[in-house]
K.L.:
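I have a structure here, written as structure tokens, and I will follow up with some questions on it.
Excluded from the calculations below are hydrogen atoms, water molecules and symmetry mates; all remaining heavy atoms, backbone and side chain alike, are included. Order of listing sets the numbers, starting from 1, for every ligand and every atom in it. Along the sequence shown, residues are numbered consecutively beginning with 1.
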Amino acid sequence: MKIPLTKPLFNLAEINAVKKVLASGWVTQGPITAKFERNLEKYINAKHVVVVSNCTNALHLCLLIGSVKPGDEVIVPSLTYIATISAIRYVGAVPVFADIDLKTFTLDPQATSNKITKKTKFILLVHQIGISADLDPLRSIARKNNLILIEDAAPALGATYKEKMVGQNGKFVAFSFHPRKSITTGEGGAIATEDDETYSRLKILRSHGSSISDYYRHKGKALNFEKFEVLGFNYRLSDINAAIGIEQLKKLPGWIILRRRLAKNYQKEFKRMSNLIPPFEPNYTRHTFQSYQIRVRGISSERRDELIQRLLRKNIATRRGVMASHLEPLYIKYPSQDLINTEIAYRESLLLPMYPDMTQLEQEYVVDSVKKVFAQMHL
Ligand SMILES: Cc1ncc(COP(=O)(O)O)c(C=O)c1O
């Protein structure tokens, strides 16, 4: 048996949707992209959604629309994929790393407050591995200190915060459709916003700063000339990708149910293993289990890697948990005090296989192998 960590799931629905786009003669951002956006708005219950080429670019646009200036400080968790931090660097701003809550792997409100200086302009929180960050205290800190809140929800499409979808009621909420995420379009991303002006600016900035879209110009009966008043980017999503996204989104509610069922099975099996800490689901959120991240209490990074290696020998793919960006060579010179929980989470975490069509037999094999390897390593 060979068990992958995760896998994207496609069937004839996506294949036929792509065929239709190819036959239509319009393949880049056009009517299918617009339909994907309207469907995302309905799913998230957001006023507006703009889709773009990936989540990193989505974050870049949010920072620009928030009028970021070189030297502005952005408080951000170090425990995130490097792309969150890269977006901050693209605009010459300074990432200031704040620690996480060890149970949820998301930004700790007190640690965030402690990092505010006169130069702080943004809080960039991350809804990590399918759990919402604790939004209310972070929103309140942002409001009291006049800071702009950006939400990196790359791994959290479908997660909820206090009964509302992540992405509802935000000004800048960015999602990813990379193959490791809740749904995939190959590559892709989106921004949900409640703000009309942000919505208009996003549409202009994602397509070279053009005042009107190519599709609108081509389909119009009258002559329509575009104007370029601002520096824009090519961050468009194609209709080919969007067609895949529309089909994936229809399947997402069912996939979340399956992921939650798999997580419950894991939980039941692991609860008597004293050094294996299964994922925690706070009352305020519905966890989508986009990733199933466990911690092994007190393990060293060398022993964690040995654990991964031993599971690989049994044909089970696992991975180190979410990275700690401040430990990468690129950020080694950045201030990184008080990141105790981040370093524990990074050292002790690993991701176990999780994908909606995982069979009972596959899951039992993973559970059995994890138990055996834990026993062999005296964990
Ligand atoms: C937390 C987080 N932010 C941003 C990104 C970047 O997303 P994308 O690959 O769509 O640019 C990822 C993707 O892996 C991520 O996990």
K.L.:
Between Glu247 and Ile244, is there a donor-acceptor pair closer than 3.5 Å when you use the side chain of the first and the backbone of the second?
P.N.:
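Side chain of Glu247 to backbone of Ile244, a donor-acceptor pair under 3.5 Å: no, none is there.
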
K.L.:
Not counting sequence neighbours, list each pair that qualifies as a side chain to side chain donor-acceptor pair (under 3.5 Å) and has a residue in residues 231-244.
P.N.:
Thr33-Asp239, His60-Tyr235, Ser207-Arg236, Ser238-Asn241

K.L.:
Tabulated below should be the N or O atoms of ligand 1 paired with protein N or O atoms at under 3.5 Å; can you produce that?
P.N.:
unit_1, atom_1, unit_2, atom_2, d
ligand 1, 3 (N), Thr84, OG1, 3.4
ligand 1, 3 (N), Asp152, OD1, 3.2
ligand 1, 3 (N), Asp152, OD2, 2.6
ligand 1, 10 (O), Cys55, N, 2.9
ligand 1, 10 (O), Ser176, OG, 2.8
ligand 1, 11 (O), Cys55, N, 3.3
ligand 1, 11 (O), Thr56, N, 2.9
ligand 1, 11 (O), Thr56, OG1, 2.5
ligand 1, 14 (O), Lys181, NZ, 2.7
ligand 1, 16 (O), Lys181, NZ, 3.4

K.L.:
Does the Arg303 side chain pair with the main chain of Met377, one donor and one acceptor, at a distance under 3.5 Å?
P.N.:
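Yes.
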
K.L.:
Does anything in residues 277-287 pair up under side chain to side chain donor-acceptor pair (under 3.5 Å), and if so which pairs, sequence neighbours excluded?
P.N.:
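Output for this query lists Arg260-Glu281.
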
K.L.:
Is the side chain of Lys7 donor-acceptor paired with the backbone N or O of Pro356 at a distance under 3.5 Å, no angle test?
P.N.:
no

K.L.:
Filter on salt bridge (Lys or Arg N to Asp or Glu O under 4.0 Å), then keep only pairs touching residues 365-379, sequence neighbours left out; what's left?
P.N.:
Glu269-Lys371, Asp368-Lys372

